[in-house]
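Working notes, structure below.
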Amino acid sequence: MRLSQYFLPTLRENPAEAQIVSHRLMLRAGLIRQQAAGIYAWLPLGYRVLRNIERIVREEQDASGAQEVLMPTIQSADLWRESGRYDAYGPEMLRIKDRHDREMLYGPTNEEMITTIFRDGVKSYRDLPLNLYHIQWKFRDEVRPRFGVMRGREFLMKDNYSFDIDKAGATRSYNRMFVAYLRTFARMGLKAIPMRADTGPIGGDLSHEFIILAETGESAVFCDRDLVDKDILGRAIDYAGDLQPLVNEWTAQYAATDEMHDAARFETEVPAGRRLAARGIEVGHIFYFGTKYSAPMNAVVSGPKGEPITVEMGSYGIGVSRLAGAIIEASHDDAGIIWPESVAPFRIGLLNLKPDDGAVSKACNDLYATLRAKGVEVLHDDRDLRPGAKFADMDLIGLPWQVIIGPKGLAAGKVEVKNRATGARSELALDQVAATFAA
RNA sequence: CGGGGCGUAGCUCAGCCUGGUAGAGCGCUUGCCUUGGGCGCAAGAGGCCGUCGGUUCGAAUCCGGCCGCCCCGACCA
């Protein structure tokens, strides 16, 4: 993409409405614009990031065996009366009426709907296990939205729902999601730590929040430092096999959010040198809830002997739009955003330092065409601006690599390649650049 | 929902106390200059001062209602 033709309204100053760094940078880097409290429009650069996050989530869900569906944002009140949640949910739920005065709502979640879909389509234990997910906009009318997309009222969420014949099956489904989540966040360059979460009235130990560490995190967290360094991507995963050992490995060490924290246990179980007290952002939550919805909503299948079995369910959420902010919280510096390659809106920023120099512009245009032909995503800053402004904008939007072409280096056939994350610069022969990045 | 604050140019803000018809910096446009970290000079464009009403000869300014946004708290993917 040529920056001279791209809609990228960057801001030099911090908008007064934004307090935390990710919100400021998302506004300044032209990723989003607020439309109402907690409701945002995604501009071209931001939308590319959002789609990349979504893509990774989708790939890992598919790999785990979950199947994608798409449920509507608008639901009927009657559906929620079946589970008893219509009255229980409170003002957080956005309630609306259609022209026939029917009561509707903008869905804050989809347990009820998925349960009816399941109950209408699945009648036999042979059809289990089943895990369905979708990635859809949700609305929760938070009293006080804040932190930009980290806590908006409208947000994009991946949520899925597993259906099993018994607790053992539900545990296997839970473990598959547990591992898929580890992989999903790791692929986004995040250190996400699973922490035991409150299971409320259902009890048991099958609920985990996935927390990434960031100074601006919403809650205090405590864990064994060893968990931060564990690597999932190097491990072979067999979703058809027994994942319990792997899950055990990631849950053996102490890790808790402040509401589950037990200071005495923390000090007993974790050696002093490995005690990590930090702040965290919740980016995912997995939950086994048994028959909470299947029982009242009659999601029943026939067992081997023809007996009715109320299915065991779990639900699993990932805050897709929230992740855009969370990643920035975890990865930025004073100059701007530092995107991990997997979610970066473009891989390379190509800077033409002197657009009215024929040789420089030709080198830039040729390289741009070559990289594009090789499928490398490039944002080409061909604007007629001073170099300083280009450097500042490029650092702000945080593309992983900058390829800098100016008259000085070009005279020797050289261009400069800068790594945004490390700041490391190297000189490369112009004709080697394409090969370097096409790999 | 309780407490606090703020709505003036695209952005950050001044002006309001002490009413007299609107300003700065940045950004934008044009020209010149400059060209490896938001350069310089010059000339411009751009605002029914959130909204409705009241007071007044006159309201950005004083008073009231409403709307919107932000912060702290309680609540949350």
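Throughout, protein chains are lettered first and strands after them, A, B, ... in sequence-line order, and every chain is numbered starting at 1.
- Atom CG in A:L323 sits roughly 14 Å away from atom P in B:A77 (whole-Å rounding).
- Within 4.0 Å of A:D357, counting heavy atoms only, lies no atom of the nucleic acid at all.
- Ring geometry for A:F210 versus A:F185: interplanar angle of 30 to 60°, hence tilted.
- Closest heavy-atom contact between A:C364 and A:L350: O-CD2, 3.4 Å.
- Note that CD1 of A:I338 is 13.0 Å distant from CD1 of A:I327, once rounded to the nearest 0.5 Å.
- A:A37 comes within 4.0 angstrom of sugar-phosphate atoms only, judged by non-hydrogen atoms across all strands, and of no base.
- B:C6: Watson-Crick or G-U partner is B:G68, with both key distances under 3.5 Å.
- Using a 4.0 Å heavy-atom criterion, one finds that A:K158 contacts no nucleic acid atom at all.
- Ring geometry for A:F437 versus A:W401: interplanar angle over 60°, hence perpendicular rather than tilted (30 to 60°).
- Of the side-chain N and O atoms in A:Q19, none sit less than 4.0 angstrom from OP1 or OP2 of B:C72.
- In this structure, B:A77 makes no Watson-Crick or G-U wobble pair, since no nucleotide meets both defining distances under 3.5 angstrom.
- Toward the 5′ end of RNA chain B lies the nearest nucleotide of A:T10, the other residue of the pair A:P145 and A:T10 mapping further downstream.
- B:C11 and B:G25 make up a base pair, with Watson-Crick or G-U wobble contacts both under 3.5 Å.
- The CZ atom of A:F185 sits 14 Å away from the P atom of B:A77 (whole-angstrom rounding).
- Among the protein residues, A:G152 comes within range of the nucleic acid bases, having at least one heavy atom under 4.0 Å from a base atom.
- When both distances must be under 3.5 Å, the Watson-Crick or G-U wobble mate of B:U56 does not exist.
- If you measure from atom CZ of A:R383 to atom C1' of B:G27, you get 13 Å, rounded to the nearest angstrom.
- By the 30° and 60° cut-offs, the orientation of the rings of A:H380 relative to A:Y368 is tilted.
- Across the interface with RNA chain B, nearest-nucleotide mapping of A:F155 and A:V415 shows A:V415 to be the residue nearer the 5′ end.
- B:G7 and B:A74 have their C1' atoms separated by 26 Å, given to the nearest Å.
- Distance, A:H23 NE2 to B:C71 P: 8 Å, rounded to whole Å.
- Using a 4.0 Å heavy-atom cutoff across all strands shown, A:G317 reaches no nucleic acid atom at all.
- When the P atom of B:C76 is taken as reference, atom CD1 of A:I281 falls 18 Å away, rounded to whole Å.
- When each of A:N419, A:D381, A:D395 is checked for a side-chain hydrogen bond (donor to acceptor under 3.5 Å, both in side chains) with A:Q402, only A:D395 meets the rule.
- Nucleic acid contact class of A:E142 (heavy atoms, under 4.0 Å, all strands): base.
- Pairing for B:A42 is with B:U30, a Watson-Crick or G-U wobble pair whose two hydrogen-bonding atom distances lie under 3.5 Å.
- Residue A:R153 is out of contact with every strand shown, counting any heavy-atom pair closer than 4.0 Å.
- Nucleic acid contact class of A:A18 (heavy atoms, under 4.0 Å, all strands): none.
- When both distances must be under 3.5 Å, the Watson-Crick or G-U wobble mate of B:U35 does not exist.
- Applying the 4.0 Å criterion to OP1 and OP2 of B:C71, one finds that A:R144 has a side-chain N or O inside that range.
- Whole-Å rounding puts the A:E13 CD to B:G27 C1' distance at 9 Å.
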